[in-house]
Amino acid sequence: MAGLCSGAMALVAAGRRSRQPPQLFVQSAALWSLKPILHQSRQRLRFSRSLCSAKYDPNEKTFDKLLIANRGEIACRVIKTCKKMGIKTVAIHSDVDANSVHVKMADEAVCVGPAPTSKSYLNMDAIMEAIKKTRAQAVHPGYGFLSENKEFAKCLDADEAVRIAREIGYPVMIKASAGGGGKGMRIAWDDEETRDGFRFSSQEAASSFGDDRLLIEKFIDNPRHVEIQVLCDKKGNALWLNERECSIQRRNQKVVEEAPSTFLDPETRRAMGEQAVALARAVKYSSAGTVEFLVDSKKNFYFLEMNTRLQVEHPVTECITGLDLVQEMIRVAKGYPLRHKQADIPINGWAIECRVYAEDPYKSFGLPSIGKLSQYEEPLHLPGVRVDSGIQPGSDISIYYDPMISKLISYGSNRTEALQRMEAALDNYVIRGVTHNIALLREVINHKRFVEGDINTKFLSDVYPEGFKGHKLTKTEKQQLMAIASSLYVSFQLRAQRFEENSRIPVQKPQMANWDLSIKMGDEIHSVIASNSGSTFCVEVDGSKLNVTSEWNLASPLLSVNIDGTQRIVQYKVHVLTELAAELNKYMLEKIAEDTSSILRSPMPGVVVAVSVKPGDMVSEGQEICVIEAMKMQNSMGAGKTGKVKSVHCKAGDTVGEGDLLVELE
């Protein structure tokens, strides 16, 4: 049997009644789905029908069984559409993913190896065996992993990379040829950065995609990243399904996407679409794919690459066109012609997608965070909101895979409505147990430049040159937050005083008329006075009086409160202190900050890839000490000062946690 070919989807197909293992054939693209499977999770997995109005013809026969060679949300997404189309599904999984949501949703599941991707989700032999064992007629690889894999080939050495970079002219982009999701990509401005970029990109590419071949191309500074979704069948028909704006990125990985773009005019959109379709036809591409462009300030556009698979951000295209791209891919793979003409493809409304990651946005816009989701609630009760995820409360976020928790999509009749719905969705998203990037996402979509559409691929570094520091509260917001916190504290105390139907407590403790409290926010401590009348609290904060009203459901992780006519939903950490606690707090000793110049601690959980020093070595400030891989991204750890290595506490292959000591200097 042939190995999985390049081209996106690598669909496997065979005669429906054949008892022989299916023969592989290249089908560009990858697959997708939209229906709740688990009865107990029906509400969580459902999204509004208005976000994707695709119809399913029960008379169309495609495949009886399809194997998804992926995991997480994209596997769940594919399974949902397959269920609607009456296709049985097979999930593959590593041993640590045995209880994952996508495994439970599928009709069958096969373990393909241990946790490391190279031994499971990139284990082509094991996946082929799973295809034979389950008699799957088609394979959908999703994105990443094997979605664009070709046979291994020799790659350039670092000297050759430098030669090519010089020939092209700096700056250059070094990127994995089989890459995606920002992995295996480095920008180099000189020879030294080219050598480092070559090393890290090839290692990340091999780890993430099983293919360490690289491309070197000219890097265009400050462009917009705009891509065209194409859909092609095997009969020569091809469509462009409008564009997606993907300029909000960090470390070359997209964070916020939207469709359509605020920047393109109809003429530029048509020109880009026609060229994208021409490219797809030239290579006889079939299925869904994406042609990516960089666009300068004068609307000149430059071909970047073609992704022969389903993109992470494809839901925004589904929202504005009404098409189910996974369904279309399955139909094309079976040989059906496209059902639409170019004139039938609308731009109906506006859609925005935010990628919700388990990461700390205050560290380089997002270093990975691992752990168990102790509490998890998606904001699916809101209108125009869709969540694509492959997790549930109790799911583990591990160091082995991408840290994306979900894709949060909002849809509206226009961009303003879509942004308002996204803001509400972010405010109502409950994630506990891991650090996440919702605070950053909320700041981005509310930033003046983003609202006005003034964006490029350097948006985050331009807007936050010293890194993301969180939302800066106004005086009014501080007062409102303190009023809510003190009201919530008093509500808890009042509930604790009530012992209904308990004969052992014959007399209730009298309630206090006023509560003298202190609120600690950062280094500041503010005095407040709170009193209540039923569900309404009157709170005096810094001389201002605020009225706070709520149903005070203390069992809910979210509270909707009304402050003098303004409705608020708040997730914020503050400390409420009694008068005595506030007085004693003044005598608490401050913890002396650790001198970090002589020690190197891991800034994130991960695996030690390499250690470059040993005890007794002399190192210079900034010199590489070791390399940590986290979520398939390699990070070089440098010395904080010039000195001699005193001790080394790690070796290649060690798993380390955030804050673990790696190296000490004298």
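All values below were derived from every heavy atom in this structure, side-chain atoms included, with hydrogens, water molecules and symmetry-related copies excluded.
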Is there a side-chain contact between [X] and [Y], using heavy atoms and a 4.5 Å cut-off?
{"X": "Y143", "Y": "Q311", "result": "no"}
{"X": "I405", "Y": "Y376", "result": "yes"}
{"X": "V608", "Y": "I628", "result": "yes"}
{"X": "E313", "Y": "T290", "result": "no"}

**OP:** Applying side-chain contact (heavy atoms from CB on, under 4.5 Å), name anything that partners Q375, two or more places apart in sequence or on another chain.
**Re:** E377, V430, R432, P557
With distance as the sole test, does [X] use its side chain to make a donor-acceptor pair with the main-chain N or O of [Y] at under 3.5 Å?
{"X": "Q571", "Y": "Y429", "value": "yes"}
{"X": "Y285", "Y": "A288", "value": "yes"}
{"X": "S202", "Y": "R199", "value": "yes"}
{"X": "D95", "Y": "A115", "value": "yes"}
{"X": "S612", "Y": "C626", "value": "no"}
{"X": "H102", "Y": "I92", "value": "yes"}
{"X": "N307", "Y": "R309", "value": "no"}
{"X": "R421", "Y": "Y411", "value": "yes"}

Original post:
So which of K83, K88, K65 actually passes side chain to side chain donor-acceptor pair (under 3.5 Å) with D107?
Top reply: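 Testing D107 for a side chain to side chain donor-acceptor pair (under 3.5 Å) against K83, K88, K65 leaves exactly one candidate, K83.
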Distance-only side-chain donor-acceptor flag, [X] / [Y], under 3.5 Å:
{"X": "Y400", "Y": "S120", "answer": "no"}
{"X": "Y121", "Y": "D97", "answer": "yes"}
{"X": "E378", "Y": "S389", "answer": "yes"}

**OP:** Go through the steps for K254 and E292 under the test salt bridge (charged side-chain N to carboxylate O under 4.0 Å, His left out), then give the verdict.
**Re:** CA-CA 13 Å; K254 301 162 189 172; E292 300 195 349; 3.0 Å; yes
Original post:
If you round to the nearest 0.5 Å, how far is CZ of F200 from CD1 of I174?
Top reply: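 Between I174 CD1 and F200 CZ, I get 11.5 Å after rounding to 0.5 Å.
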Original post:
Rounded to the nearest 0.5 Å, how far does CG of D402 lie from CD1 of I74?
Top reply: 12.0 Å
Subject >> Non-hydrogen atoms of V255 and R250 that approach each other most closely >> reply: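 Looking at all heavy atoms of both residues, the shortest contact is CG2-CG, 3.6 Å.
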Subject >> Which atom of I397 lies closest to which atom of S369, heavy atoms considered >> reply: CG2-O, 3.6 Å
Subject >> Salt-bridge contact R386-E318 (side-chain N to carboxylate O under 4.0 Å) >> reply: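 Yes, this pair counts.
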**OP:** Run the salt-bridge test on E353 and R244 with the 4.0 Å N-O cut-off and return the result as yes or no.
**Re:** no
